[in-house]
Amino acid sequence: MSTTDHMVVACQGGERTALERRPVPVVGAGEMLLKLRVVGFCGTDLFKLTTGAAAPGTVLGHEIVGEVAELGAGVDAFRAGDRVCVPHHVPCGECTLCRRGNETMCETFRENLMEPGGFADTILIKPRATRMAAHRVPDAVADEAAVFMEPAACVLRGVHRSGLEAGGVAVVQGGGSMGLLHLLVLKAALPDVAVAVVDPVAARCELALSLGADAAQAPGGAAETAVAQLTDGIGADAVFDTVGGNGPLEAALALARQGGSVVLFAHAPDGERAGFDLNDLFKYERRILGTYSGALAEQAAVFDLVASGALDPTPLVTHTLPLDEFDAGVQLVKDRKALKVLFTPSRAAGGG
Ligand SMILES: [Zn+2]
Ligand SMILES: [Zn+2]
């Protein structure tokens, strides 16, 4: 393969993707070019694929660790060969939404600062991300841990917004990779927090317990009993729903204490309506809120947690495949045979 070409996983419309040869992006001032080391497959990628939301030609993927291949003019914070992790969304920091603390709603934030996307052998990082949000990965931190910094920052934002405090009790609905990442972030970020994980699959409950959960039970009566035991019967301070949809929302409200929070952390189909009792909010002062991404403060805080070793999400990685086997990786997630799937560069680029 010529050094001016690389392979990418391109959407083909609908759910189909194909490994495609493309020219390597040209590096401009303030930008940097990364050689992919690993990229995580995220629930948002799956959602976009299964709903056909991505236009043909789109390259998805945004949870990346790369190695600096080339630096544009004016970039002096990095050197060729540095391992780098960087998010694809960075707020402007100046608009009204940013100044009000809603950086993830900033118009600028939605811009994708990776070209063509994470599922590619090489990735161009745009100036705002290079300047404001890229971090050199410390030598002691594995790629498989650093790749979680973007999703873990999303989780941490939800934790902050929930109002949960040290010593509190949290419930996580869903023991998939995002649910278990909630468990690990909660334990790393808040001292003495108790966490119950709710999932219908016994093996996932066992894994949750081995990762430090204080309880893990199937949804329904078993979960309600476990949460009652952890909270002297009053219910959880915060419930994080990583499942999505109206049924799980009602289950989350039932597990949250009066005055507690429910954090929605999953896609719902467009237009899906909720049907909960309004007095859960008015009379019992519960709060329902959503979080879909992390901003600079959470990204920096998560970097510190991972760099210090307090947060080690590597046990969540069950499969690592070259980009050539993208479809197989997606299928593993769909069949619930995988937790976190990571992709390495294509075989043409020496991956696999
Ligand atoms: Zn993601
Ligand atoms: Zn802004």
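From a predicted model like this one, the values you see are computed outputs, not experimental measurements. Quick note: residue numbers are just sequence positions, from 1.
Counting all heavy atoms, side chain and backbone alike, Asp5 lies closest to Pro23 at OD1-CA, 4.0 Å. In terms of heavy-atom proximity, Leu323 sits nearest to Val39 at CD2-CG1, 4.4 Å. Taking every heavy atom of both residues into account, Pro25 and Thr122 meet most closely at CD-OG1, 4.1 Å. For Ala256 against Val262, the heavy-atom pair with the smallest separation is CB-CG2, 4.1 Å. The nearest pair of heavy atoms linking Leu34 to Val86 is CD1-CG1, 4.2 Å. In plain terms, the two heavy atoms of Ala208 and Leu183 that are nearest each other are O-CD2, 3.5 Å.
Both Phe265 and Leu184 are assigned to one and the same hydrophobic cluster, defined by single-linkage of ILVMFWY side chains at heavy-atom distances under 4.5 Å. Both Phe303 and Leu190 belong to a single network of hydrophobic side chains, linked directly or stepwise wherever heavy atoms of I, L, V, M, F, W or Y lie under 4.5 Å apart. Leu278 and Tyr284 fall into different hydrophobic clusters, defined by Ile, Leu, Val, Met, Phe, Trp and Tyr side-chain heavy atoms under 4.5 Å apart, directly or through other members. Two different hydrophobic clusters hold Val84 and Val306 under the rule that ILVMFWY side chains link at heavy-atom gaps under 4.5 Å. Connection of Leu186 to Val227 is not established within any shared hydrophobic cluster, with ILVMFWY side chains joined at heavy-atom distances below 4.5 Å, either directly or through further cluster members.
Gln12 contributes a side-chain N or O that, together with a main-chain N or O of Ala10, makes up a donor-acceptor pair within less than 3.5 Å. Side-chain atoms of Asn246 come within 3.5 Å of backbone atoms of Gly275 as a donor-acceptor pair (strictly under, hydrogens ignored). Side chain of Arg128 to main chain of Thr108: a donor-acceptor pair is present (N/O by atom type, distance under 3.5 Å, no hydrogens or angles). Listed for the Ser308 side chain is a donor-acceptor partner under 3.5 Å among the backbone atoms of Ala310. Under the 3.5 Å distance criterion, the side-chain polar atoms of Asp192 are left unmatched by any main-chain donor or acceptor of Gly167. Arg99 places a side-chain N or O within 3.5 Å of a backbone atom of Glu94 that can act as its donor or acceptor partner. Thr50 places a side-chain N or O within 3.5 Å of a backbone atom of Leu46 that can act as its donor or acceptor partner. Counting only distance, with no hydrogens or angles, the side chain of Lys187 and the backbone of Val193 share a donor-acceptor pair below 3.5 Å. Panel note: side chain Arg161, backbone Gly290; a donor-acceptor pair is recorded below 3.5 Å. Within the 3.5 Å criterion, the main-chain N or O of Ser162 finds a donor-acceptor partner in the side chain of Arg287.
Pro219 has its side chain within reach of Pro200: a pair of non-hydrogen atoms, C-beta onward, lies under 4.5 Å apart. Proximity of Met178 to Val155: side-chain heavy atoms (C-beta onward) are separated by under 4.5 Å at one or more points. In this structure, the side chains of Pro87 and Gln299 come closer than 4.5 Å at one or more pairs of heavy atoms. Between Leu71 and Phe78, some side-chain heavy-atom pair lies under the 4.5 Å cut-off. With contacts defined as side-chain heavy-atom distances shorter than 4.5 Å, the pair Lys126/Met114 does not qualify. Between Leu311 and Pro313, some side-chain heavy-atom pair lies under the 4.5 Å cut-off. The shortest distance between side-chain heavy atoms of Leu211 and Pro315 falls below 4.5 Å. Put simply, the side chain of Leu49 reaches to within 4.5 Å of the side chain of Phe41, judged on heavy atoms.
Shown here is Tyr292, whose OH atom has more than 12 heavy atoms of other residues, nucleotides or ligands within 6.0 Å. Taking a 6.0 Å sphere around CD of Glu107, one finds it holds 12 or fewer heavy atoms contributed by other residues, nucleotides or ligands.
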>> The test is side chain to side chain contact (heavy atoms under 4.5 Å, CB included); show your working for Leu36 and Ile123 and say whether it passes.
In response: CA-CA 7 Å; Leu36 179 69; Ile123 304 148; 3.9 Å; yes

>> Checking Asp324 against Ser346 for the side-chain hydrogen bond (donor to acceptor under 3.5 Å, both in side chains) test, could you report, in this order, the C-alpha distance in whole Å, the side-chain angles of both residues, the deciding distance, and whether it holds?
In response: CA-CA 6 Å; Asp324 312 62; Ser346 74; 4.7 Å; no

>> Between Ile125 and Ile64, is the side chain to side chain contact (heavy atoms under 4.5 Å, CB included) condition met? List the steps.
In response: CA-CA 11 Å; Ile125 308 301; Ile64 64 157; 4.0 Å; yes

>> Run the side chain to side chain contact (heavy atoms under 4.5 Å, CB included) test on Asp214 and Val197 for me, step by step, so that the C-alpha distance in whole Å, both residues' side-chain angles and the decisive distance to 0.1 Å come before the verdict.
In response: CA-CA 8 Å; Asp214 299 272; Val197 173; over 6 Å; no

> When you look at Leu264 and Leu249, which way does the side chain to side chain contact (heavy atoms under 4.5 Å, CB included) test go after all the steps?
Replying inline: CA-CA 8 Å; Leu264 304 184; Leu249 169 58; 3.9 Å; yes

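Ion pairing between Glu206 and Arg204 fails under the 4.0 Å rule for side-chain N and carboxylate O. A salt bridge between Glu103 and Arg157 is present, with a side-chain N of the basic residue lying under 4.0 Å from a carboxylate O of the acidic one. Between Lys340 and Glu63 a salt bridge is recorded (basic side-chain N to carboxylate O distance below 4.0 Å). A salt bridge links Glu325 with Arg347; the closest basic N to acidic carboxylate O contact falls under 4.0 Å.
No side-chain N or O of Asp237 forms a donor-acceptor pair with one of Ser261 less than 3.5 Å apart.
Going from atom CD of Glu250 over to atom CG of Asp280 covers 8.5 Å, rounded to the nearest 0.5 Å. One finds the CD atom of Glu298 at 8.5 Å from the CG atom of Leu296 (value rounded to the nearest 0.5 Å). Here the CG atom belonging to Leu60 is positioned 12.5 Å from the CZ atom belonging to Phe47, to the nearest 0.5 angstrom. For the atom pair Leu156 CG and Met149 CE, the distance stands at 13.0 Å (nearest 0.5 Å). The line from OG of Ser293 to CZ of Arg110 is 9.0 Å long, rounded to the nearest 0.5 Å. Residue Lys48 holds its NZ atom at 6.5 Å from OG1 of Thr44, rounded to the nearest 0.5 Å.
Taking the six-membered ring for Trp and thresholds of 30 and 60 degrees, Phe119 and Phe343 have ring planes more than 60 degrees apart, a perpendicular arrangement.
Arg83 is linked by a side chain to side chain donor-acceptor pair (under 3.5 Å) to Asp143, counting only residues two or more places apart in sequence or in another chain.
The ring pair (Phe, Tyr, Trp, His ring centres under 6.0 Å) contacts involving residues 222-256 comprise His182-Phe240, where partners must be two or more places apart or lie in separate chains.
Partner of Leu180 under the side chain to side chain contact (heavy atoms under 4.5 Å, CB included) criterion, chosen from Leu207, Val172, Thr242: Leu207.
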